[in-house]
Every structure is written in C-alpha cells, then in structure tokens.
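Heads up, the thing below is written out as structure tokens.
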Amino acid sequence: MPTHKEIKKITTHTLQKMKNNGEKISMLTAYDFSFAKIFDNAGIDILLVGDSASNVMAGHETTLPITLDQMIYHAQSVVRGIERCLVVVDMPFGSYQGNSKEALNSAIRIMKETGGHSVKMEGGEEVVESIKRIISTGIPVMGHLGLTPQSIYKFGTYTVRAREEEEAQKLKKDALLLQEAGCFAIVLEKIPAALAKEVTESLQIPTIGIGAGGNCDGQVLVMHDMLGINTEFKPRFLRQYMNLNENITTSVKQYISDIKSHDFPNPQEQY
Ligand code: KIV
C-alpha cells in the first residue's frame, strides 16, 4: 500500500482557490536543496526555479546563457528539498521559442527529469501556440508578461514596461490570451501598479507581481535580493528582509581570524 504524508500540498487548484478567497499567494525563487528546504518549511506557497539562476548562481549578466540542462540540475535540487509547496521551473531562453514541438520536448524533459510541478514561459501571443501544446499534455504553465528578461536585448533596459498605451494594450490582450490558452497563473514583472490592478481584476486566474504593486494576487522576489545576499541590486520594488551579505562577511572574517590566531579548533573541537 502506498503511504501518503499528512502534508497538504499546494497545487494549481489551491492557488485558484486562494485567488477566489482573496488570500495572497507567496512565491520566492530557489535554486538549491538547502534553501528550498528552509523556504518550504517556512510555509512558502510557490518556489520558482528561476532562470535568474543565470545571474545569481552563475554570475552571468543576463538570463540568456543558462541552459536547459543547468535549469534541470537546479530544479532537481529544489524538488529534493520540498514537501509542500508548488515548484515552478523556468524554461530557459532558446528552449521554447523555436517551435511548439521543441517547446513541448523541453517542458517534458523538465517534468520527467526534475519532478517539478509546472513550467514558466515568458511572452504572450508569440508563444501562445507552444503554451497550448504543452498544456494539452497535462503540464501546467505559468505565463510571464511585462519585463521579460529573456528579451533584454530587444528592450535595451530593465526599466518599467508598458507605461505607454500601446504596450499596455498589448499586455492586457496577452494576459487574456494566456488565460484562454489555459495558463494557471501569470507573473507580471515591473509594470505600473494601476495596469497590474486592471489586469488582475480582468482575469479569473491569479497574477503574481514583482514590481507590479500590491493589487496582484501574489508576490514574488528573487531570494538573493530579499535576503540581502546581492546588495548591489536595489530597485524601488525590493523589500530587503535581512542583510545576509553583512552577516556572512562578519562570520567569515571571524572564522579567518580564529584560524590565524590558533583559536580554532580548540581542544573541545577536536578528537
Ligand atoms: O527568473 C526569475 O527569477 C523570475 C522572477 C523574477 C519572476 O522570472
């Protein structure tokens, strides 16, 4: 007989119920086992294995270089650390833009090899055919509109998107298209709060904002930013909950000093 743990897992249906009941959704990025375990135990609803791993884990300037194999490695590590939350895995640049068959193959690899629960894709109308094909096989898809970092060389900057009417209209149309295609939620990144509110109210499915104001159905931040590991990135939308960079630096300096001064290890710390 299979044994079932008593833990109530978060599913895409749970998220829909949360939106319907007005309960906000919490989401954070994670890229490894240890942090995923801490975040899951803390009660996070969604962990996103973001392609921001390209920046914060690998040190690249953009999200473009990270590969499907590397995303799969990060996602496998995260999935091993969690018991309750929903895991969303970013489809990296180049793994889905070619055509819908390629997109489906990439999504299937992610689901088969990682044990993740869903995938996320950037873009609206341009990728809707691929999204439909992936969803038709039973893989849940989260959309991502507004500032879509995989298109950084098209935008030229990381500034707020959709301030102009034409872009705002396209975003609203794309949001409806993604909902019709069957996406279970949409990330809205760095767009005016009033636009995010309008989109959120026009959709049945939840929106998750990052730099999109307080009226989205949920919020997401990159863990390195909210924990203060990465201290150079200080956009207005970021709330930094701790200064881990400072704490780690102080601890490592103390460790170095203890070694140099012959204080570590002391007799109680040896066999
Ligand atoms: O890759 C990522 O971290 C993301 C979030 C910023 C939403 O896509």
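All ligand and atom numbering here is 1-based and tracks the order in the structure. Just so it is clear, the model here is predicted, and its values are computed rather than measured.
- The aromatic rings of Phe233 and Phe237 lie perpendicular to each other, with more than 60° between the two planes, well past the 30° mark.
- Proximity to Asp90 (heavy-atom distance under 4.0 Å) selects the following atoms of ligand 1: 1 (O), 2 (C), 8 (O).
- Under a 4.0 Å criterion applied to the non-hydrogen atoms of Val222, ligand 1 contributes the atoms 3 (O).
- The Thr29 neighbourhood of ligand 1 comprises atoms 3 (O), with distances under 4.0 Å to a heavy atom of that residue.
- Applying the 4.0 Å criterion to heavy atoms of Ile210 picks out, from ligand 1, the atoms 6 (C).
- Looking at Lys120 next to ligand 1, an N or O pair under 3.5 Å apart turns up.
- Ser257 and Tyr255 share no donor-acceptor pair across their side chains, judged by distance under 3.5 Å alone.
- Side-chain N/O atoms of Gln150 and Asp51 include a donor and acceptor closer than 3.5 Å.
- Closest protein heavy atom to atom 2 (C) of ligand 1: Ser52 OG, 3.2 Å.
- The side-chain heavy atoms of Glu189 and Pro149, taken from C-beta on, include a pair separated by under 4.5 Å.
- Looking at Ile10 and Arg84, their side chains come closer than 4.5 Å, going by heavy atoms from C-beta outward.
- At a 4.0 Å cut-off, at least one heavy atom of His144 sits close enough to ligand 1 to count as contact.
- Crowding of Lys17 atom NZ: a count of heavy atoms from other residues, nucleotides or ligands under 6.0 Å not exceeding 12.
- In terms of protein heavy atoms, atom 4 (C) of ligand 1 is closest to Leu48 CD2, 3.5 Å.
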